[in-house]
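Input: a single structure, listed below in structure tokens.
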Amino acid sequence: RASRPVRDGLAPPGTARSRDDDVLARLALARGEVRAYPGCRRGTRRDTGMRSALFLDRDGGVNEEVDFCHRIEDFAFRPGIFDLVGAAHRANRAVVVVTNQSGIARGYFTEEDFQALTRYMKARFEEAGTALTDVLHCPYHPAAVVETYRADHPWRKPRPGMLLEAARRHGLDVSTSVLVGDRMSD
């Protein structure tokens, strides 16, 4: 079957996308979280036998943006995030949070602080029946004050290192996956 053009990031009726794929796209578009970028391949799918994923940036994607958020009391989930993740589950997509955490490299908080907040976040998703497949983070930064984390690391977004690692760990097809973030650099 010949592919037909996609309008506003949504597949036209009768294509191989599921209703939940359209729900994902509509939720993200309605929030202004997804835009069509020049050169981006849309409306095509290939059957690789691998699972697609919804990749989410944490700060500004999962939770409201707070500079260097590392405390539970400062962490507020974005409206609709549990609905979005639920739609991803119904579409049989893995859901992986990928997040730069340069606050660790800058000495603003520790790896233990990040892990405690991550446990809290994962528990809230589990309680909502929308468990996350994985959470990957990059604590590195080229100008880090904490020597251990001073690196131009391949996991640091906008590089694809965390996406590729998630694909390796979970058998994901990155080419049929979606990344939702609050910045072009995501």
Euclidean distance, [Y] [atom2] relative to [X] [atom1], rounded to 0.5 Å:
X: Lys122; Y: Leu132; atom1: NZ; atom2: CG; value: 7.5 Å
X: Glu111; Y: Thr148; atom1: CD; atom2: OG1; value: 11.0 Å
X: Leu117; Y: Phe75; atom1: CG; atom2: CZ; value: 5.5 Å
X: Ile72; Y: Arg119; atom1: CD1; atom2: CZ; value: 8.5 Å
X: Tyr149; Y: Ser102; atom1: OH; atom2: OG; value: 12.5 Å
X: Arg90; Y: Thr130; atom1: CZ; atom2: OG1; value: 10.0 Å

pair Phe77-Arg124: side-chain heavy atoms closer than 4.5 Å: yes
Heavy-atom check, side chain of Thr133 versus side chain of Leu172, under 4.5 Å: no
For [X] and [Y], work out which heavy atoms get closest and say how close.
X: Asp57; Y: Thr99; value: OD1-CA, 4.2 Å
X: Met121; Y: Val62; value: SD-CG1, 4.0 Å
X: Thr118; Y: Val135; value: CG2-CG1, 4.0 Å
X: Arg58; Y: Cys69; value: NH2-O, 2.9 Å
X: Gly61; Y: Arg78; value: O-CG, 3.5 Å
X: Arg150; Y: Val145; value: NH2-O, 4.0 Å

Side-chain donor or acceptor of Arg93 paired with backbone N/O of Ser52 under 3.5 Å: no
Under 3.5 Å: donor-acceptor pair, side chain of His141, backbone of Ile104: no
Under the salt bridge (charged side-chain N to carboxylate O under 4.0 Å, His left out) test, residues paired with Glu165 that sit two or more places apart: Arg168, Arg169
Pairing residues for Thr110 by the side-chain hydrogen bond (donor to acceptor under 3.5 Å, both in side chains) criterion, not counting sequence neighbours: Glu112, Asp113
Path from [X] to [Y] over hydrophobic side-chain contacts below 4.5 Å:
X: Val174; Y: Leu136; result: no
X: Leu56; Y: Val66; result: no
X: Leu164; Y: Leu54; result: no

Residue that, paired with Gln101, satisfies side-chain contact (heavy atoms from CB on, under 4.5 Å) out of Tyr140, Phe109, Phe68: Phe109
Single hit among Arg156, Arg159, His137 for side-chain contact (heavy atoms from CB on, under 4.5 Å) with Asn100: Arg156
Stepwise side chain to side chain contact (heavy atoms under 4.5 Å, CB included) test for His170 and Arg51: CA-CA 8 Å; His170 303 288; Arg51 189 173 178 198; over 6 Å; no
Verdict with reasoning, Cys138 to Met162, per side chain to side chain contact (heavy atoms under 4.5 Å, CB included): CA-CA 8 Å; Cys138 180; Met162 286 187 280; 4.2 Å; yes
